[in-house]
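Here is the naming used below: chain letters follow the sequence lines, and residue numbers restart at 1 for every chain. All figures in this text were calculated on a predicted structure; none of them were measured in a lab.
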Amino acid sequence: MGRFFTFSVSRWLGILIKEFLQLKRDRLTFAMIVGIPVVQLLLFGFAINTDPRHMPTAVVMADPGPFARAYLAAMQNSSYFDLVGSVDAREADALLDEGRVRFVITFPAGFHRDLARGKSPPLLVEADATDPMAMSGALSVLAHLGTSVFAPDLPGLARARPPPIDLRVHRRYNPEGLTTYNIVPGIMGVILTMTLVLMTGLAMTRERERGTFECLLATPATPLEVLIGKIIPYIIIGLLQVTLILAASRWIFGIPVRGSLPLLYVMVLLFICANLMLGITISSLARNQLQSMQMTIFFFLPSILLSGFMFPFQAMPGWAQAIGNALPLTHFLLIVRGILLKGSGLGLLWPHIWPLLLFTAVALAAGLKTYRQTLD
Amino acid sequence: MAAPLVIDVSGLNKHFGHRHVVKNLALQVREGEIFGFLGPNGSGKTTSIRMLCGLLTPDSGQGACLGLDVLKDSARIKSQVGYMTQRFSLWDDLSIEENLDFIARMFSVAHRRQAVARTLEELGLAARRRQLAGTLSGGWKQRLALASCLLHRPKLLLLDEPTAGVDPQARRDFWEEIHRLSAAGITVLVSTHYMDEAERCHRLAWLSAGQLLACGTAEEIIDGLCLNTWEISARQDDGIARHALPDFADKLRQLPSVDMVASFGATLHVSGRNAEVLKTGLEAVLAGSALQMRPVPPSLEDAFIRLMQGSPLHAPQGGGD
């Protein structure tokens with residue numbers, strides 16, 4: 001067992017150099033590694049438009065007064081809403097259910113009168129929140145309209161407290177409402193998980209399939225030297241990907257970095273290590289590259305579905321949350337959002353850091369344990 | 001004064017699932033010897049070699065390789081053994097030089113750069129140093145593989161069918177190299193299918209279905225089988241008689257005294273264990289035909305064809321138990 005942990009820097013360096021040379025020769029893989037983050041970010045980033053306009057909107061008009069008409073006209077002018085017509089409440093529900101409209105605006109009875117008296121009448125907005133990012137821009141416009149539309153007609157009320165109307169938003173179908181900036185940190189985590197687990201997952205099985213593993217095994221190289229030597233190139237690749245994604249999210253999508261950038265990179269490094277260790281373990285377990293791909297997907301799907309990337313974490317049942325908590329992506333998403341959007345520091349993030357550390361340690365131990373030093 | 005034993009193992013067993021691929025293997029190889037490992041495909045040659053260099057763990061057995069325990073010291077054995085795999089197992093996407101450099105690093109070779117440069121020179125690979133290993137022809141791949149085995153100056157070379165798929169000239173060069181190495185005191189254990197290569201070895205072992213059936217020098221193995229061989233050929237260069245040889249061979253196989261009939265060009269080699277019965281039997285069949293017979297010393301090939309036909313009725317000589 002003593003030899004198990006022998007570590008020769010020169011041998012480790014040899015493996016490292018070999019991995020880099022092989023990576024350099026494998027142009028397609030290299031192009032994918034750089035291309036995947038950029039393409040995915042652009043695809044998702046723009047396809048999942050964070051500020052869509054001209055969303056079909058139905059109106060339930062219980063009090064067709066001039067204020068309501070003015071408000072509707074202003075909504076139309078904001079270009080966020082396309083009014084499809086006036087309906088009754090039941091029809092409005094059906095339209096929303098069928099996805100024919102994204103918003104239903106209900107002007108209650110007495111809207112005009114209450115507004116004129118400064119009683120801040122309620123304005124009910126029902127929004128289809130299945131795609132929460134789609135509504136946020138429109139909703140913020142609605143709130144703003146309340147003040148600006150009525151100000152010229154009600155000079156006394158413009159500065160009044162409470163505001164002229166009481167905007168009540170019902171987020172239908174997805175009461176959580178994910179934030180606008182969810183998508184980019186999410187994509188960062190997903191891309192790292194996908195490419196790194198897959199690449200390292202193939203690292204050892206490729207040697208095994210090509211028969212070169214026998215040659216490697218016939219040398220005195222120890223498991224630790226091989227594993228760490230194989231991992232380093234991918235750590236660098238991971239950091240490169242993150243830099244690309246961060247640059248794109250900053251300059252293309254205008255997402256701020258409120259927290260410490262060095263801290264973010266340290267966290268990214270930790271997350272990369274967690275994924276690489278898992279990849280190496282998969283690599284040692286799998287008999288061939290196909291098996292390794294299957295195992296990667298087996299890990300990748302819950303990472304996407306249960307980590308809070310795709311569905312709100314708190315909305316999931318307890319058992320699903322338990323699975324999600326065991327996945328590094330879950331914690332990484334919270335860490336990245338914390339640093340990027342809230343400017344959180346190390347102390348606040350600790351509850352999500354130790355699970356990552358634990359995962360990395362367990363995966364490394366599993367990788368070393370499953371690394372077969374013989375061809376048995 | 002016999003040279004010290006480099007390989008001395010006994011009772012080695014290996015199972016793959018329910019298949020018992022190596023059965024109670026006992027092997028002794030002396031320093032500086034070229035030891036040939038023969039046997040049909042699937043007879044356990046590769047498995048035995050892998051057990052010797054620590055790539056496979058024997059299920060049972062004991063012994064030493066280079067004075068180190070084959071079960072416990074496989075790591076230290078590896079650093080003193082050059083193992084050439086049956087299939088080319090260097091990296092296709094690395095150049096010749098990069099492959100050698102990598103192997104040199106793995107074995108912590110002293111003065112690595114010089115060692116790699118010297119090896120490239122010695123094997124005549126210097127001009128092709130930047131060529132990717134995957135684009136080399138079979139003969140060059142073999143030279144590269146051998147070069148990579150020699151980088152760390154091993155005391156023992158384990159070569160698993162090193163010349164499979166290599167042209168005769170390259171094979172010949174290869175064996176010259178092996179003899180040079182052997183003269184320099186390196187022990188070589190080599191598996192092969194070729195009889196001419198078997199004859200170039202100092203000692204041989206014959207493995208069949210995981211069992212060592214014969215072990216010794218070529219003469220010892222031939223003598224141990226107690227074969228009497230007759231060569232049957234046409235009396236004159238008679239085309240008709242020559243064309244009749246295959247049919248005649250079938251007829252001879254029916255004789256109870258005949259163990260083996262093999263065609264060698266325009267002649268047949270017929271072997272059997274009982275000299276008298278074989279002779280009278282053959283004379284009876286040949287009587288009146290255009291064929292003649294004469295006794296010849298059995299060749300190694302005769303011996304191996306005999307061995308390949310099934311387990312011998314005689315106990316194997318020299319080793320095996």
Please find the pair of heavy atoms, one from [X] and one from [Y], that lie closest to each other, and give the distance.
{"X": "A/Thr212", "Y": "B/Leu90", "result": "CG2-O, 3.3 Å"}
{"X": "A/Arg11", "Y": "B/Ser108", "result": "NH1-OG, 3.8 Å"}
{"X": "B/Tyr83", "Y": "A/Ala218", "result": "CD2-CB, 3.8 Å"}

Side-chain donor or acceptor of B/Lys78 paired with backbone N/O of A/Ala221 under 3.5 Å:
no
A/Arg210 backbone acceptor or donor facing B/Arg87 side chain under 3.5 Å
yes
Quick check on A/Phe20: does its CZ atom have over 12 non-hydrogen neighbours (other residues, nucleotides or ligands) under 6.0 Å away?
yes
Taking everything shown except B/Lys23 itself, do over 12 heavy atoms lie less than 6.0 Å from its NZ?
yes
Contact class of A/Glu207 relative to chain B, heavy atoms under 4.5 angstrom:
side chain
Using non-hydrogen atoms only, which part of A/Ile17 is less than 4.5 Å away from chain B: side chain, backbone, both, or neither?
side chain
Go through the atoms of [X] and report whether side chain, backbone, both or neither lie under 4.5 Å from a heavy atom of chain A.
{"X": "B/Leu132", "value": "side chain"}
{"X": "B/Phe107", "value": "both"}
{"X": "B/Leu158", "value": "neither"}

Test item: [X] and [Y] side chains (from C-beta on) under 4.5 Å apart, heavy atoms:
{"X": "B/Arg105", "Y": "A/Lys18", "answer": "no"}
{"X": "A/Leu216", "Y": "B/Ser89", "answer": "no"}
{"X": "A/Cys215", "Y": "B/Trp91", "answer": "yes"}

Nearest 0.5 Å, please: how far is [atom2] in [Y] from [atom1] in [X]?
{"X": "B/Asp92", "Y": "A/Gln22", "atom1": "CG", "atom2": "CD", "answer": "9.5 Å"}
{"X": "A/Glu214", "Y": "B/Gln86", "atom1": "CD", "atom2": "CD", "answer": "8.5 Å"}
{"X": "A/Phe213", "Y": "B/Thr85", "atom1": "CZ", "atom2": "OG1", "answer": "13.5 Å"}

Most contacts with chain B, counted as non-hydrogen pairs under 4.5 angstrom, among A/Asp26, A/Leu21, A/Leu13
A/Leu21
Top residue by heavy-atom pair count (under 4.5 Å) with chain A, among B/Leu94, B/Asn99, B/Asp93?
B/Asp93
